[in-house]
Amino acid sequence: MDLLSVRIAAEPDIARIRQVTGVIADTCGLASFAKTRVVTAVLEIARNALQYGGGGRAHFAIRPETDLCWLVVRVIDQGEGLPKGADFVKGRRPFKAQSGGTRAQGMGLGLTGVQRLADKFDLDTSKNGTRAELAFKLPSASEEESELGERVMASIAELSSTDPLAELSRQNRELAEAMAERELLIDEVHHRTGNNLALIVSFIQLSKRGAQSEETRQAMAQLESRVLSVAKVHQELQRANLADRIALVPLLETVAKHAQDAFSNDQLDIAISVFGDEVSVSGSAGIDLGLIVNELITNAYKHAFENRKNGRIDVSFERESDEDNMKRWVLTVKDDGVGLSEDVKPERSDSLGWRMIRAMTARLSGTIETGSDEGFHTRIEFPGAFAEGKT
């Protein structure tokens, strides 16, 4: 019957193991000398795990065997194993230390001492860690295992309730373990997401190369740019150790470069510049802004440079103040193309691209304004608290 597992990560955990081992020994009816023998052996192995193995876990269990019952304590660490030269032979034979004696150097009481204290002792060690298992005979028949286990768990629960510091330490350990597991899962999700995005881009590129019509190739290029915009934000978040904020201007520079690579050809050479204030935004806002800029650059490539081989697109994201000194952030995408007549309002268009732009702008509480002045420009204002800038 498994009883409990105690983490070994700091000195207070050693004190916790001392308490738990003592309570278990008392509840199992061990005499004073036998209890001291158990506690001493378990503490020696636990301290070794902390000092030489970088920490680990101590697992407590009750195991029946014929007409006997055993207290089994397994201590596992993920250190580098025993020092080179500490030759382990399973069973109760002593260890050979580097000095030629029977005690491994720096091991406190010594593994041979632990062997003498435990009724059974087994040890496996390698460069991947060490597992020590100690077993102690209990003065209880095997058929009492379930009842004994319940009494032990009740005693441990009572120990926690009467020792608030120990209970707080246990809760903190459980929280730390849960957070570590959560981080591991998040890392795995991000890794899989990155791989999936790269795979999707590869499929799109294959389809684009195999397309027969120019219209299909243009559609595939536009889809490729959209997916690459999302993939770039994901990549930047990973580089920032999965932080929730990323630098915006470098992100927009990469988005513009991807769009330029996707749409440039021998008949169309467009220069794109990206500039602005140093600012960081949340990951979700970065995705929205990247997609907005990608759509606006794509629209410029498709409509602004008819019958022209060269052109220019400027992208900026800057902080401004109005007459009342209210701060705001402004995204501007401007080209030097043919422009539009005053009565045309592309921001009201029902095309997929403009529907996306309107939806993402609304999500960020922004407002859109367009105009033609030596080309076409789109200006989107966002509230001052939208981003974090450095002055």
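Note that the structure is predicted; figures quoted are calculated from it, not measured.
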Which heavy atom of Met220 sits nearest a heavy atom of Ser207, and at what distance?
CE-CB, 3.8 Å
Quick check for you: to the nearest 0.5 Å, what is the distance between Thr21 atom OG1 and Leu30 atom CG?
11.0 Å
Please say which of Ile8, Leu3, Leu4 ends up in a side chain to side chain contact (heavy atoms under 4.5 Å, CB included) with Val6.
Leu4
Would you find more than 12 non-hydrogen atoms of other residues, nucleotides or ligands less than 6.0 Å from Arg37 atom CZ?
yes
Mind checking the CD1-CD spacing from Ile14 to Gln51? Nearest 0.5 Å is all I need.
10.0 Å
Pairwise side-chain contact, His377 with Val333, heavy-atom cut-off 4.5 Å (strictly under):
no
Please check if atom CZ in Phe275 has more than 12 non-hydrogen atoms from other residues, nucleotides or ligands closer than 6.0 Å.
yes
What are the two closest non-hydrogen atoms of Met1 and Glu150, and how far apart are they?
CE-N, 4.3 Å
Can any side-chain N or O of Ser155 pair as donor or acceptor with the backbone N or O of Val23 at less than 3.5 Å?
no
Check for me whether the distance between the ring centres of Phe136 and Trp70 falls short of 6.0 Å.
no
May I ask whether Ile76 and Ile45 are part of the same hydrophobic cluster, defined by side-chain heavy atoms of I, L, V, M, F, W, Y residues being less than 4.5 angstrom apart, directly or through others?
no
Got a donor-acceptor contact below 3.5 angstrom from the Asn294 side chain to the Gly290 backbone?
no
Salt bridge (Lys or Arg N to Asp or Glu O under 4.0 Å) assessment of Arg63 paired with Asp2:
CA-CA 8 Å; Arg63 296 282 185 266; Asp2 292 333; 2.8 Å; yes
Quick one: does Asp314's side chain have a donor or acceptor within less than 3.5 Å of a partner on Lys334's backbone?
no
Looking only at the side chains, is there a donor atom on one of Ser5 and Arg57 sitting less than 3.5 Å from an acceptor on the other?
yes
Salt-bridged, Arg131 to Glu133, with N to O below 4.0 Å?
yes
Start with the C-alpha gap between Ile62 and Val72, add the side-chain angles, then the distance that decides, and say whether side chain to side chain contact (heavy atoms under 4.5 Å, CB included) holds.
CA-CA 6 Å; Ile62 293 176; Val72 179; over 6 Å; no
Between the main-chain N or O of Ile270 and the side-chain N or O of Gln260, is there a donor-acceptor pair closer than 3.5 Å?
yes
Using modelled atom types and a 3.5 Å cut-off, is there a donor and acceptor pairing between side-chain atoms of Lys302 and backbone atoms of Ile297?
no
Side-chain contact test, heavy atoms from C-beta onward, threshold under 4.5 Å: evaluate it for Ile17 versus Val42 and give yes or no.
yes
Answer yes or no: is there a side-chain heavy-atom contact under 4.5 Å between Tyr301 and Leu296?
no
Is any side-chain heavy atom of Thr378 less than 4.5 Å from a side-chain heavy atom of Ile292?
no
Short question: side chain of Asp336, backbone of Arg312 - any donor-acceptor pair under 3.5 Å?
yes
When rounded to the nearest 0.5 angstrom, what distance separates CZ in Arg18 from CG in Leu43?
5.0 Å
Main-chain N/O of Asn310 paired with Asp269 side-chain donor or acceptor, under 3.5 Å:
no
Should the pair Phe317 and Trp329 be assigned to parallel (<30°), tilted (30 to 60°) or perpendicular (>60°) ring geometry?
parallel
Can you tell me how far CG of Asp277 sits from CD of Glu320, rounded to the nearest 0.5 angstrom?
9.5 Å
Heavy atoms only: give me the nearest Val274-Val249 pair and the separation to one decimal.
CG1-O, 4.1 Å
Donor-acceptor contact below 3.5 Å, side chain Thr254 vs main chain Pro250
yes
For the hydrophobic clusters of this structure (ILVMFWY residues joined by side-chain heavy atoms under 4.5 Å, transitively), does one cluster hold both Met360 and Val330?
no
Heavy-atom side-chain proximity of Arg355 to Leu352 below 4.5 angstrom
yes
To the nearest 0.5 Å, tell me how far Ser351 OG sits from Ile357 CD1.
7.5 Å
Check Ser365 against Pro383 and note the closest heavy-atom contact, atom names and distance.
O-CD, 3.4 Å
Checking side chain to side chain donor-acceptor pair (under 3.5 Å) between Thr370 and each of Arg379, Lys345, Glu347, which is the one that passes?
Glu347
Do Ile246 and Ser280 make a side-chain contact, defined as non-hydrogen atoms from C-beta onward lying under 4.5 Å apart?
no
Steps toward side chain to side chain contact (heavy atoms under 4.5 Å, CB included) verdict (Leu289, Leu364)
CA-CA 9 Å; Leu289 290 167; Leu364 300 176; 4.1 Å; yes
Show the nearest heavy-atom pair for residues Ala49 and Asp77, with the distance to one decimal.
CA-OD2, 3.9 Å
Please report the closest heavy-atom contact between Ser372 and Leu340, naming both atoms and the distance.
OG-N, 2.8 Å
Decide yes or no for Trp354 and Pro346: does some side-chain heavy atom of the first lie under 4.5 Å from some side-chain heavy atom of the second?
yes
Starting from the C-alpha separation in whole Å, work towards a yes-or-no answer on side chain to side chain contact (heavy atoms under 4.5 Å, CB included) for Leu50 and Asp13.
CA-CA 9 Å; Leu50 177 61; Asp13 297 325; over 6 Å; no
Just so I know, are the side chains of Gln78 and Asn128 near enough to count as touching, which here means a heavy-atom distance under 4.5 Å?
no
Strictly distance-based, threshold 3.5 Å: is any side-chain N or O of Arg209 a donor or acceptor partner for the main-chain N or O of Ile204?
no
Could you walk me through whether Thr40 and Leu117 satisfy the side chain to side chain contact (heavy atoms under 4.5 Å, CB included) test, starting with their C-alpha distance in whole Å, then the side-chain angles of each, then the deciding distance to 0.1 Å, before giving a yes or no?
CA-CA 8 Å; Thr40 302; Leu117 291 174; 3.9 Å; yes
Check whether more than 12 heavy atoms from other residues, nucleotides or ligands sit under 6.0 Å from atom CD of Glu11, and answer yes or no.
yes
Could Arg328 and Glu318 be called an ion pair, given the rule that one side-chain N must be under 4.0 Å from one carboxylate O?
no
Enter the distance from Ile313:CD1 to Asp335:CG here, rounded to the nearest 0.5 Å.
6.0 Å
